[in-house]
Student: 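There's a structure below that I have some questions on.
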Amino acid sequence: METEAVSKGFTTLYGTEPEGVWQAPGRVNVIGEHTDYNDGFMLPIALPHAARVAAARRDDGLLRLHSVQSPDSVTEVVVADLAPGSVEGWAAYPAGVVWALREAGHQVAGADLYLDSDVPTGAGLSSSAALECAVATAYNDLHGLALTPRQLAVLAQRAENAFVGVPCGILDQLASSCCAEGAALFVDARSLDTRQVPLDLAAQGLVLLVIDTEVKHAHADGAYAERRAGCERSAELLGVPALRDVPYDGLDAALARLPEGELRSLTRHIVTEDARVERVIALLDAGDLRGIGPILTEGHASMRDDFAISCAETDLAVDTAVAAGALGARMTGGGFGGSVIVLAERADADRITAAVTDAFAARGWKTPRAFTAVPAAGARRLI
Ligand code: GLA
């Protein structure tokens, strides 16, 4: 249905048929937050929400971009002229991917692209990575580049880092490119090795709720970069390539070598978070899905108290969900707002959602938006 709408929209706007339609999903991270740029571990799932792109090559070197979410404009840029800073707003994400492909030495032509996305923006659900990976996958097919999903994720991350100027890690793009239906994706950010970990919540009577608080605090981008710089500084002081190299059982000794205060807290979050990912993986491998609940909640406390990336809205959602009987809950994504995930018995889901909604209403806050996350497929061609 959506595929047809994107294809038709392309034809109405550009007056020709697209060569195909591709899509790439948003994600939620089950556990492993801010570990990616520390060479550590993480465990995202892809969402059914996705960015879709209808695309056709052009032979005049022009790249034309249109998004259903910005209906009044078409961005036009010459592929050969693409440079960081040359495209602004949402169009920088798809244009950045074409730039990254060109920079990597691939022969890429111009194209007409027609994009549509139902990944909520500003919700910590990787709407940007979805756009990037949809376009990367389309270009890969259209030009027969034969790049792997992992290579496409790396190029998409490069687009975001160097073209858009956001210092993100690899989590979102790997999730969007490489996830599989019915599974979480265990990622080692150093080797970029991945493993599909089956996650059939429904079979065990469980649900994973996503509660989008619909708040995004203004300082989020700067604060993300500060956390990243702090982690890199800690690794430097400890004489290791990345905080991933601080062993969990050597954490106290490592902390004692850092100045008191922020660097210790940042380091403690990363090292304990990597350990939490490993504990979650072990439980999932053993089929104990309920067992991961308390680890998710521990992870939230670590983000709140040590990494200091939580906020009143996400804390309230987590605390209320747990008090209402959730097995576990935590904020997911970069932080400072966005979404919370809640692991719950299916029978408790409505009650938990209502409790969070009531708690927000009691403070006069906007009603959060809740939905159930079922692990979906990564980027792919639709037609
Ligand atoms: C954002 C970034 C990711 C990752 C997460 C936190 O989503 O884009 O690279 O660092 O925050 O885990």
Side-chain angles (χ1 to χ4, degrees), residues 24-47 49 51 92-93 96-97 119-133 150 153-179 184-190 192 194 210 212-213 216-217 219-232 235 242-244 266 269-274 276-277 280 296 299-300 302-304 306-311 314 330-341:
R27 62 100 189 91
V28 286
N29 195 14
V30 176
I31 188 87
E33 224 65 86
H34 287 258
T35 45
D36 57 353
Y37 55 80
N38 288 293
D39 278 2
F41 306 126
M42 61 226 68
L43 188 72
I45 61 170
L47 292 174
H49 307 72
Y93 296 96
V97 168
V119 185
T121 54
L125 302 176
S126 294
S127 57
S128 328
L131 279 185
E132 293 156 4
C133 293
R150 181 163 89 176
V154 171
L155 281 164
Q157 184 204 12
R158 174 148 162 70
E160 188 148 346
N161 290 167
F163 193 89
V164 185
V166 176
C168 64
I170 191 72
L171 166 67
D172 309 341
Q173 293 79 10
L174 264 186
S176 187
S177 279
C178 302
C179 275
L185 186 76
F186 177 38
V187 177
D188 176 336
R190 171 164 285 161
L192 296 187
T194 57
V210 178
D212 175 7
T213 65
K216 190 75 199 164
H217 290 282
H219 55 283
D221 290 350
Y224 182 96
E226 277 170 28
R227 300 298 183 286
R228 184 168 182 160
C231 290
E232 284 163 4
L243 288 183
R244 184 261 180 76
L266 295 179
H269 168 72
I270 297 301
V271 175
T272 58
E273 185 78 348
D274 274 339
R276 279 186 286 274
V277 178
V280 164
L296 303 187
H300 186 78
S302 180
M303 289 192 285
R304 182 189 62 213
D306 278 339
F307 220 63
I309 54 171
S310 185
C311 63
T314 52
R330 63 182 283 277
M331 186 183 70
T332 186
F336 310 101
S339 299
V340 159
I341 54 168

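Counting convention: from 1, in listed order, for ligands and their atoms alike. We count residues from 1, following the sequence as given. Please read these numbers as outputs of a predicted model, since none were measured by experiment. All values below come from the heavy atoms of this structure, side chains included, with hydrogens, waters and symmetry mates left out.
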Student: How long is the span from the CZ atom in Arg27 to the OG1 atom in Thr332, to the nearest 0.5 Å?
Tutor: 5.5 Å

Student: With heavy-atom distances below 4.0 Å as the criterion, list the atoms of ligand 1 near Leu171.
Tutor: 4 (C), 5 (C), 12 (O)

Student: Could you list the atoms of ligand 1 found under 4.0 angstrom from a heavy atom of Tyr224?
Tutor: 1 (C), 2 (C), 3 (C), 4 (C), 9 (O), 10 (O), 11 (O)

Student: Select the closest option to atom 7 (O) of ligand 1 among Glu160, Gln157, Glu33, Arg27, judged by heavy-atom distance.
Tutor: Arg27

Student: Just need the protein heavy atom nearest to atom 1 (C) of ligand 1, so name the residue and atom and give the distance.
Tutor: Asp172 OD2, 3.8 Å

Student: Can you measure from CZ (Arg227) to NE2 (His269) and round to the nearest 0.5 angstrom?
Tutor: 10.5 Å

Student: Could you tell me the separation between the CG atom of Asn38 and the CZ atom of Arg190, rounded to the nearest 0.5 Å?
Tutor: 10.0 Å

Student: Restricting to non-hydrogen atoms, name the atom on Val119 and the atom on Ala51 that form the minimum distance, rounded to 0.1 Å.
Tutor: CG2-N, 4.1 Å

Student: So for ligand 1, is Gly169 a polar contact partner (N or O within less than 3.5 Å, distance only)?
Tutor: yes

Student: Of Phe336, Phe307, Phe41, which is the lone residue that meets ring-ring contact (aromatic ring centres under 6.0 Å, His included) with His34?
Tutor: Phe307

Student: Check Val164 against Ala92 and note the closest heavy-atom contact, atom names and distance.
Tutor: CG2-O, 3.8 Å

Student: Which protein non-hydrogen atom lies closest to atom 9 (O) of ligand 1, naming both residue and atom, and how far is it?
Tutor: Asp36 OD2, 2.5 Å

Student: Closer than 4.0 Å to some heavy atom of His34 - which atoms of ligand 1 meet that?
Tutor: 6 (C), 12 (O)

Student: Enumerate the atoms of ligand 1 whose separation from the nearest heavy atom of Cys168 is less than 4.0 angstrom.
Tutor: 2 (C), 8 (O), 9 (O)

Student: Please report the shortest heavy-atom distance between Ala130 and Ser176, naming the atom on each side.
Tutor: CA-OG, 3.8 Å

Student: Write out the residue and atom name of the closest protein heavy atom to atom 11 (O) of ligand 1, then the distance separating them to 0.1 Å.
Tutor: Gly334 CA, 3.2 Å

